[in-house]
Every structure is written in structure tokens, then in C-alpha cells.
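Order of listing sets the numbers, starting from 1, for every ligand and every atom in it. Residue numbers count from 1 along this sequence.
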Amino acid sequence: MRAEKTRAERERLIVVSNRLPFTFKKDGAGAWRAEPGGGGLVTALLPVLRDRGGMWIGWPGTAGDASELKEALASAGTGAGYRLEGVSLTADEMDKFYLGFSNQIIWPLFHDLQSLCNFDPAYWRTYCEVNGKFADAVKAHTAPGDFIWIHDYHLMNVAAELRRRGVTSRLGFFLHIPFPSPDLFMKLPWRLTLLQALLEFDLIGFQTVLDRRNFVQCTRMLAKDVQIEGRGQVLEARVGKRTVRIGAFPISIDYGAFQRRAASPEVTAKAQELHRLLPERKLILGIDRLDYTKGIPLRLKAFENLLERYPELREHVSFLQVVVPSREDIPEYHRLRSEIEQLVGHINGRFARPGGWVPIWYEYRNLSRLELLAYYRAAHIALITPLKDGMNLVAKEYCTCSIEEDCVLILSEFAGAASQLYRGALLVNPYDIEGVADAIRRAYGMHAEERHARMRRMRNSIREHDVFWWVDSFLRAAITRDLSAFPQPEGHLEEDASEYQLPF
Ligand code: GDG
């Protein structure tokens, strides 16, 4: 163990993601300025990157030549405590690699929405080229012995491109979105190449055992000579002479930081202000990026169904739906926004009372951190009903910020978070409009004792398996020799559980 630790400590950690954890904007004088992006991933990786003298490689967020940003990258890196290296992408590459292959093929397909895919072969070609560009950057800035951790569906080909360039360093990959069942993965015209590319990594991490099982099944169907064995959190695949580890590592949040900030006087005051606006009413909250996977129209229909079937709840609940702008360059997202806004107008038009109650408060904007936490703290019920979601951190953040433990989480059984929070949340099928309406009614009438017990269970689980646990377990899975140290984490669904066996 000691020898393994020493080896791990010596290795630099190189993180590679589509976007760098900073955004770069020009100031009034025309100089580039870096603004740090928040987020649990950055927070969790920061101590490791600082200790090991690490580096983050990614696209800086502006089309054009990253060398223009050299100074801004260097000074942002000095401030952050790790190096930043930019990968330049042209507008055409962004169009075909990011908006095209990543977000019009992989994103819908891996979220079970095959009918929204646009299988344009030009997208695939550019995806391969851009993954090659990332591999060039990784090769140029790393040394043998570094541990290279690549993130997410934009960069699934990078290991294959690195091996082609002779890089022998150990490579890890984490998929933040779900991995689809074979029925869906088989639709992908480039399925075999992509699967073989993933098997070039040394460790492949998924959010849940269900995603890992889907990957294992696809591998068994497409790559018959690969033997996969093991139990617990991490399995092993024999790929020729190599061993590839395949694990389930549910991502999480910085529990301590969220809880502390939620308890701050500013957040408390803002949450109380919201309660004053809603006397005698329960606040139901939905917060999502604008995305068709988040199930917003069906959720609004479920709320309408609630008001229709349970008129006694009218004027006693208000639904605050925040939609955060996202991927506005894709036509599908425009259509979705119009659909949501029409539904909100329709439902408010049907039930609102002049000068009085408005059933849905709708906000289409980015919230500040303070607003976000105040909304979490103020809401009596969170309604998180994605059609499919890798994990869904909003669910974990909501529970963590509910420091009085006196509220209810309604959660889609198709969110990765359900495999961890199923004992505390009210699980729903987001396609079942009446079922979701009934869950809201149940949450509304739930006794305080049950609310506390459920919330405490979820908060304990999130505290125990926070984002630092996630980073640590992924990195240990990459280096440890003894996989018996990786039983399935307690309280998470097991390999043989399917979403249809969840307790309701
Ligand atoms: C992908 C996978 C997986 C949201 N609105 C505002 C805001 N947020 C923050 C939340 C949360 C994050 O954005 C959203 O995280 P999610 O997990 O819900 O969703 P995706 O962005 O789709 O992320 C997902 C995740 O990767 C991690 O692996 O869980 O399944 O799809 O942290 O707090 N933050 C601020 N203002 C907002 O208006 N400041």
C-alpha cells in the first residue's frame, strides 16, 4: 500500500476536459481576463492538482488561436495553483465536433433520445480530428509517468489517438452522462471504433452500475474476445495483453462547502424573504439547464394535472421553475424554450387569480450562487424529473442545503442520483404525468417525521460519499493492485438491480 501511495504521489495529475475551468473575456482595454468557473469538479480536483503539481488541458471557450491567450492562461494558472494549457478550436470545428457530434449525436443517443440524433458523417470526421488535436496537446505537455484523466463524452477517442502517437502513460476516463443500453448503442454508425477507442483507456469510470452494465453488455456484443470479470465497484477486462478496469463512481458535491454556505446569514435572509412572499404556501422548485433531457414540459403538465385533480391544493402551492440558458445555437433548444414558455402561459392563464395567486413562477436566466442556495433552502419540495440524467447534482445540492431537513425531494428514477438517494426521495417515472402529480400531493401532505427521516438518510449518504470521496476512489482504482478494497459503496444500488426493481 505504501509503495502504491508513493507512486501515486510522484505522478502528476493531468486533467483533460472539453472546457477549461475558466472563461476568458476581453476587458475594456482589449486584454484577456480569466474568470474561474465554479463547480464541484474543479473544487475536488484542486487539492490533488496543487499537491502533485498538475495541469488542466482544454478549450478556453473562445474560437480562434489559444496562443493569443497564452499570458492570460499562464496568470490564471499561477493564481489557481496548477498549469493551464489551451487547445485552439476553429469555429467550424466547434460547429461539427461540439454542436454536431457531441451534442446532436452522443448527447441525445446516450440519453435514450435516438429520434433527436443527426448522424451526419462529417460530424464524426471532425470529432476524430478534434480528439486528435487534444491528443497532440496532451502529448506535447506531459511526460511518461503522468496520470492523465480525461473527462466526458466529447473526448472518448483521445486514448486511442494518444496510443497512436506512442504515449504509454496511464489513462483514465470518466463519463459524466449515462451509457446507453446495447439496443441504443448499436444504432451508432461508429459503434465499434468508439467502443475500441474507450477500451484503450486503463480505467473507465461510469456514474452508476447500470451505466457500467450497459457498457459491459455492449463490449460483450461487439468485442467478443474481451473477457470481463469481477464484482464490486471495479471490474477488470482482459483486452489482448492489457487489463482495463471498469468502475462505477457516482460523482458528488463538496458537501461541507454547500452546507456552510447554505447556513450563512445572507442565504438565510434571502430564503426568509422568499417565504414572506409566499405566506401559507408551499414552494415547489425546479432548476435545470435548458435541455430536453430534463423533462421540463412533462413536469409542467404534471403540475397542471395536480391543480386539475386536486383543486384543494390550488393557492396552497407555487411552482418556481428556473431554466438556465444553454446550447442556444442548437434549433432543438429554441423549440424547447418556446414549448416551455407556452405551457407556463397556458397553465398560469388557466389557474391564476387576478391580483393574487400565480401557480408558476418562471425564470429564464442564470442565478447567482446566493440566489441558487436561497432557492434550495426556501423550497419545501424539489421536483427533479429528468427523462434521463448521468447523475444530477442539483438533487444532491438541494438535500445538502436543506439544513433543517424539513423538505421533500421528488426524483426521477432515471437520474443517476436515484441509485443512491432511492431510500429518501419519492421516486417517480417522469413520463407518468398522474404519477408525478400524485407524488407532489404526497410530498405536500407528508408528516414532518417522515420528511426528516428521509432527508437525513439522503444527507448522510451525500456527506459520506462527497466529491472528495469520488476523486479519491477513482484515483485509487487506477493505481491499487488489490481490487478487493473496492466493494460496492454502501447504500448504492447493486449490479443486478434495474430501475424497475427500485422500491417505490
Ligand atoms: C452533467 C451531467 C452530471 C445550475 N443552474 C445554475 C447553476 N447550476 C449548477 C448546479 C449544478 C450544475 O450547475 C448542474 O449540474 P447537473 O448535474 O444537474 O447537470 P449537467 O450540467 O447536465 O451535468 C449530469 C454532471 O455532469 C456531473 O457529472 O450530474 O448528469 O449531465 O452544480 O448548481 N449554478 C449557478 N447558477 C445557476 O443558475 N451558479
Is the closest N or O pair between [X] and ligand 1 shorter than 3.5 Å?
X      : value
Ile251 : no
His176 : yes
Gly390 : yes
Ile177 : no
Asp389 : yes

Exercise. Return yes when Trp107 approaches ligand 1 closer than 4.0 angstrom through a heavy atom, no otherwise.
Key: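 Checking ligand 1 against Trp107, which is what was asked, there is a heavy-atom contact under 4.0 Å.
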
Quiz item: Measuring from the heavy atoms of Trp470, does anything fall under 4.0 Å of ligand 1?
Solution: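 False for this residue.
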
Quiz item: Tell me, do Phe134 and Glu161 make a side-chain contact under 4.5 Å, heavy atoms counted?
Solution: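 No, too far: nothing below the 4.5 Å cut-off.
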
Proximity of [X] to ligand 1 by residue part, where a heavy atom lies under 4.0 Å:
X      : result
Tyr376 : side chain
Leu367 : both
Val394 : both
Glu397 : side chain

Quiz prompt | Close aromatic pair by centroid cut-off 6.0 Å: Phe179 and Phe110 | solution =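 So the answer is yes for these two rings.
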
Please table the atom pairs, donor to acceptor, closer than 3.5 Å between any side-chain atom in residues 270-277 and protein atoms at least two apart or in another chain.
from   : atom 1 : to     : atom 2 : distance (Å)
His275 : NE2    : Ala378 : O      : 2.8

Against heavy atoms of [X], which atoms of ligand 1 measure under 4.0 Å?
X      : value
Asn366 : 38 (O)
Leu372 : 33 (O), 34 (N)
Gln207 : 3 (C), 28 (O)

Self-check item: Pair Tyr333-Glu328, side-chain donor/acceptor within less than 3.5 Å
Solution: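 The criterion, which ignores hydrogens and geometry beyond distance, is not satisfied for Glu328 and Tyr333.
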
Quiz item: Under 3.5 Å, is there a donor-acceptor pair linking the side chains of Gln321 and Arg299?
Solution: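 There is such a pair between these side chains.
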
Self-check item: Full working for ring-ring contact (aromatic ring centres under 6.0 Å, His included) between Trp32 and Phe22
Solution: CA-CA 12 Å; Trp32 287 102; Phe22 283 84; over 10 Å; no

Self-check item: Neighbour count >12 (heavy atoms, 6.0 Å) for atom NZ, Lys25
Solution: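 For Lys25, atom NZ is not crowded (no more than 12 foreign heavy atoms under 6.0 Å).
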
Quiz item: Should Arg170 and Asp202 count as an ion pair when the cut-off is N to O under 4.0 Å?
Solution: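 Not counted as a salt bridge, because no side-chain N and carboxylate O are separated by less than 4.0 Å.
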
Quiz item: Ion pair present between Glu339 and Arg337, side-chain N to carboxylate O less than 4.0 angstrom?
Solution: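 Looking at Glu339 and Arg337, the cut-off is not met.
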
Quiz prompt | Identity of the nearest option to atom 5 (N) of ligand 1, non-hydrogen atoms only, from Val322, Val324, Asp152 | solution =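 Looking at heavy atoms only, Val324 sits closest to atom 5 (N) of ligand 1.
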
Quiz item: Taking atom 19 (O) of ligand 1 as the point of reference, which of Lys396, Lys294, His111, Arg369 owns the nearest heavy atom?
Solution: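 Going through Lys396, Lys294, His111, Arg369 one by one, Lys294 has the nearest heavy atom to atom 19 (O) of ligand 1.
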
Practice problem: Report the residues that fulfil side chain to side chain contact (heavy atoms under 4.5 Å, CB included) with Ala477, sequence neighbours left out, ordered by chain and then residue number. | Solution: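 By the side chain to side chain contact (heavy atoms under 4.5 Å, CB included) rule, Ala477 matches Leu203, Val234, Phe249, Phe486.
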
